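Since the structure is predicted, the reported quantities are computational estimates derived from the model, not experimental observations. Numbers restart at 1 for each chain; the letters A, B, ... are given by sequence-line order, proteins then strands.
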2 protein chains.
Amino acid sequence: MGIAERKEREKQDIKDLILLKAKEILIKEGQDGLSIRKLATEIEYSPATIYLYFQDKDEILYQMMNMGFEKMAQSMTHVYALEDPLKRIYEIGRLYIEFGLHEWEWYHLMFNSASPMNHIERCKAEWGPGIAMYDYLAACCQEAFLQQGKTDRDPKIAALHLWSAAHGLVTLAVTNRFCVVEDHAHQEAVRNHLIEDTLKHIMISLFDYKI
Amino acid sequence: MGIAERKEREKQDIKDLILLKAKEILIKEGQDGLSIRKLATEIEYSPATIYLYFQDKDEILYQMMNMGFEKMAQSMTHVYALEDPLKRIYEIGRLYIEFGLHEWEWYHLMFNSASPMNHIERCKAEWGPGIAMYDYLAACCQEAFLQQGKTDRDPKIAALHLWSAAHGLVTLAVTNRFCVVEDHAHQEAVRNHLIEDTLKHIMISLFDYKI
DNA sequence: TGATTTAATAAACACTGTTTAGTATATTTG
DNA sequence: CAAATATACTAAACAGTGTTTATTAAATCA
C-alpha cells in the first residue's frame with residue numbers, strides 16, 4: 001500500500017508548510033500578528049483547512065515554541081564542549097539572556113506566553129524541551145558543586161535561581177520596564193552593564209566563582 | 001456657571017463607573033476577559049460611549065495599572081515605618097513577590113503587559129508609579145550602602161538586581177514554568193523555599209546581610 | 001421659542017478563532 | 001468499468017473582538 005504512505009507524506013508536507021509560514025509571520029509580525037486567517041491566505045488554503053492539520057491555534061504556537069527551543073539549543077552548541085562546568089553555566093546564562101533580548105518572539109513563546117502551555121495542559125503532556133533545558137542546567141550545577149566539594153547545596157534550586165534571574169532581566173528589558181533608569185542617554189549602557197553584573201553576581205553567589 | 005461644573009462632575013462619575021466595573025471584570029476574569037463590549041453592557045451603555053471617556057482600551061488598562069500600583073503601595077504601608085533600610089528592602093522584596101503571586105491580574109498590568117506601556121508611549125508620558133517604586137527602592141539601597149560605608153556600590157544597579165530577581169521568580173511561577181521541578185508532590189514547597197532563598201541570596205549578595 | 005451644543009447610540013468596518021454542512025476529488029470495492 | 005465509499009477542501013456561519021461614523025435625542029444658550 002504505497003498510497004497510504006504517500007498520503008501520510010503529503011499530510012506532513014502541508015503541516016510543514018503551515019509551520020513554515022507561521023514561522024515567517026512570527027518573525028515579521030510577532031505572536032500578535034500571527035492569525036489563523038492570515039496564515040491561511042499566506043499558504044493559499046481556507047482557514048478551515050488549518051483545523052484539519054492542527055487542533056487549534058494553541059497547538060501551532062506549541063509547535064513554534066518547540067522550534068524556538070531548537071533555535072536556542074543551536075545558539076548554545078559550543079557550550080556543550082566546554083570542560084569547566086562553571087564556564088558552561090556562565091555561557092548558558094549569557095546566551096540565554098542574549099537569545100531572550102534578540103529573539104524575543106521566540107523567547108516569548110518559550111517562557112512567557114500562556115498559549116503553548118495551555119496546549120500542554122490540554123494534552124496532559126509535559127513541557128519537554130523546557131524540562132530538558134532545566135535538567136541540563138541543573139546537571140551542570142551539580143557537576144560544579146561536586147567539583148567544589150559543596151555537598152550541602154541543591155543544584156536544582158541553584159538552576160532555578162540562575163534561570164529566574166536571567167528571565168527577570170530579559171522580560172523587564174523587553175517589556176520596556178527599564179525606562180525607570182532616568183539616565184536616558186546611557187540606558188543601553190546600563191542594561192548591558194546589568195547583564196554582565198547579574199551573571200557575575202549569580203556566579204559568585206551560587207558558586208563563589210569570580211569571572 | 002454651576003452647569004459646567006456639574007457636567008464636569010457627571011463626566012468624572014461615568015469615568016469612575018467605567019473604571020469600577022473594569023476593575024470588577026479584571027478581578028473576576030483577568031485581562032483577557034476584560035472587553036470593551038462586556039464592559040459596556042455591564043455599565044448599561046453602548047460600546048461607543050466608552051470612547052467618549054477614554055481614547056482606547058489601552059488607556060483604560062493604563063488606569064487599571066495605576067490602580068494596581070496603589071493596591072501594591074497599600075500592601076506595603078508598614079514597610080515605610082521600618083528604621084533599618086535592610087529590613088525595609090527585604091520586606092519590599094517579600095511583599096513584591098507575594099503581591100505578584102496572589103494579585104497576578106494586577107501585577108501583570110503593572111510589570112508584564114504591553115498595553116499600559118503602549119498608552120504611555122503614545123502620550124509621550126512617563127511610567128510614573130513604576131519610577132516612583134524604583135526610586136524608593138534605590139533610595140533604600142543607597143541608605144543601606146551609606147550605613148555600611150560601601151561607597152563603591154551603585155544603589156540603582158542594586159535596585160534593578162533585586163527587582164529583576166523578584167520579577168523573574170513571579171513570572172516563571174505564575175506562567176507555570178516551574179513545572180520543570182519533577183517532584184510534583186512538593187512543587188509548592190519548592191516554590192516557597194525558592195522565594196525565601198532568592199531574597200536571602202540577594203540580601204547577602206548585595207548587602208552581605210544574613211537574615 | 002429657536003439655535004446650538006452635548007451626550008448617546010445604532011450600525012458598520014475590519015478583524016479574530018472555530019465549527020458545520022456541503023462539495024468536489026480520489027480511492028476502493030463489487 | 002461503474003458504483004460506493006472515503007478523503008480533502010471550503011463557503012458560510014457563529015460568536016466574538018476594538019474602533020469609527022452618521023444620526024438622533026436631550027440639554028443648554030441666545
Side-chain angles (χ1 to χ4, degrees), chain A residues 1-19 21-22 25-26 28-64 109 113-119 122-123, chain B residues 1-19 21-22 25-26 28-64 109 113-119 122-123:
Chain A
M1 279 281 170
I3 288 172
E5 286 156 25
R6 195 208 66 215
K7 291 226 166 177
E8 192 65 37
R9 266 203 321 275
E10 283 174 353
K11 192 143 193 162
Q12 191 57 51
D13 284 349
I14 293 191
K15 262 190 148 174
D16 291 346
L17 176 68
I18 292 170
L19 291 176
K21 279 288 171 198
I25 296 172
L26 181 80
K28 272 186 204 146
E29 311 180 52
Q31 197 189 138
D32 291 346
L34 172 54
S35 79
I36 297 290
R37 295 176 116 100
K38 199 185 284 176
L39 184 49
T41 52
E42 208 67 38
I43 59 168
E44 294 175 302
Y45 279 89
S46 83
T49 300
I50 289 173
Y51 289 88
L52 301 173
Y53 297 90
F54 297 94
Q55 284 194 334
D56 54 19
K57 194 182 178 183
D58 283 348
E59 190 183 351
I60 293 172
L61 292 174
Y62 166 78
Q63 296 292 357
M64 306 297 285
L109 282 171
S113 173
S115 302
M117 300 309 267
N118 287 345
H119 176 79
R122 195 168 47 79
C123 297
Chain B
M1 280 278 172
I3 287 173
E5 285 156 25
R6 196 207 66 212
K7 290 224 166 180
E8 193 65 37
R9 265 204 320 276
E10 283 174 353
K11 193 145 193 161
Q12 192 56 52
D13 284 349
I14 292 191
K15 263 190 148 176
D16 291 345
L17 176 67
I18 291 170
L19 291 176
K21 280 287 170 195
I25 296 172
L26 181 80
K28 273 188 204 146
E29 312 181 50
Q31 198 190 138
D32 292 345
L34 173 54
S35 79
I36 298 291
R37 297 177 117 99
K38 198 185 286 176
L39 184 49
T41 53
E42 208 67 38
I43 59 167
E44 293 174 303
Y45 278 89
S46 83
T49 301
I50 290 173
Y51 289 87
L52 299 174
Y53 297 90
F54 296 95
Q55 283 192 335
D56 53 19
K57 195 182 177 180
D58 283 349
E59 191 183 351
I60 293 173
L61 292 175
Y62 166 78
Q63 296 292 359
M64 306 296 284
L109 282 170
S113 172
S115 303
M117 299 310 269
N118 288 344
H119 176 78
R122 194 167 47 80
C123 297

In whole angstrom, what separates A:Leu39's CG from C:dT16's P?
-> 11 Å
Would you indicate whether A:Asp13, at its atom CG, is surrounded by more than 12 heavy atoms from other residues, nucleotides or ligands within a distance under 6.0 Å?
-> yes
If you look at every strand shown and take non-hydrogen atoms under 4.0 Å, does B:Ile50 touch a base, only sugar-phosphate, or nothing?
-> nothing
Report the distance from atom CD1 of A:Ile43 to atom C1' of D:dT10, rounded to the nearest whole Å.
-> 13 Å
Whole-Å distance, B:Leu61 CG to D:dT17 C1', equals 14 Å
Taking OP1 and OP2 of D:dC9, is either one under 4.0 Å from a side-chain nitrogen or oxygen of A:Tyr53?
-> yes
In terms of side-chain heavy atoms of A:Leu52, which of C:dA8, C:dT18, D:dT10 is nearest?
-> D:dT10
So which nucleotide from C:dT18, C:dT16, C:dT9 ends up closest to the side chain of A:Ser35?
-> C:dT16
In whole Å, what is the span from the CG atom of A:Asp13 to the P atom of D:dA8?
-> 13 Å
Can you measure from CD1 (A:Ile60) to NZ (A:Lys15) and round to the nearest 0.5 angstrom?
-> 10.0 Å
Grab the CD1-C1' distance between A:Ile18 and D:dC9 for me, whole Å please.
-> 12 Å
What integer distance in Å separates B:Tyr51:OH from D:dT21:P?
-> 13 Å
Would B:Met64 and B:Gln31 satisfy side-chain contact (heavy atoms from CB on, under 4.5 Å), going step by step from the backbone distance to the final call?
-> CA-CA 10 Å; B:Met64 306 296 284; B:Gln31 198 190 138; over 6 Å; no
Between A:Lys57 (side chain) and A:Leu34 (backbone), is there a donor-acceptor pair under 3.5 Å?
-> yes
Sugar-phosphate, base or nothing in reach of A:Phe54, heavy atoms under 4.0 Å = nothing
Spacing between A:Lys38 atom NZ and D:dT17 atom P, to the nearest angstrom = 20 Å
Is B:Ile14 touching bases, backbone alone, or none of the nucleic acid, heavy atoms closer than 4.0 Å?
-> sugar-phosphate
Could you check which of D:dT19, C:dT19, C:dT9 has an atom nearest any side-chain atom of B:Thr49?
-> C:dT9
Among D:dC9, C:dA8, C:dT19, which nucleotide sits nearest the side chain of A:Ala48?
-> C:dT19
Shortest non-hydrogen contact between B:Ser113 and B:Ser115, atoms and distance = OG-N, 3.3 Å
Within the pair A:Tyr45 and D:dC9, is there a side-chain N or O less than 4.0 Å away from OP1 or OP2?
-> yes
Whole angstrom is fine here: how far is it from CD in A:Glu8 over to P in C:dA26?
-> 19 Å
Out of C:dG17, C:dT20, D:dG18, whichever nucleotide has its closest atom nearest the side chain of B:Ile36 | D:dG18
Between B:Ser46 and C:dA8, does any side-chain N or O lie under 4.0 Å from OP1 or OP2?
-> no
Polar pair under 3.5 Å, donor/acceptor by atom type, side chain B:Arg37, base D:dG18 = yes
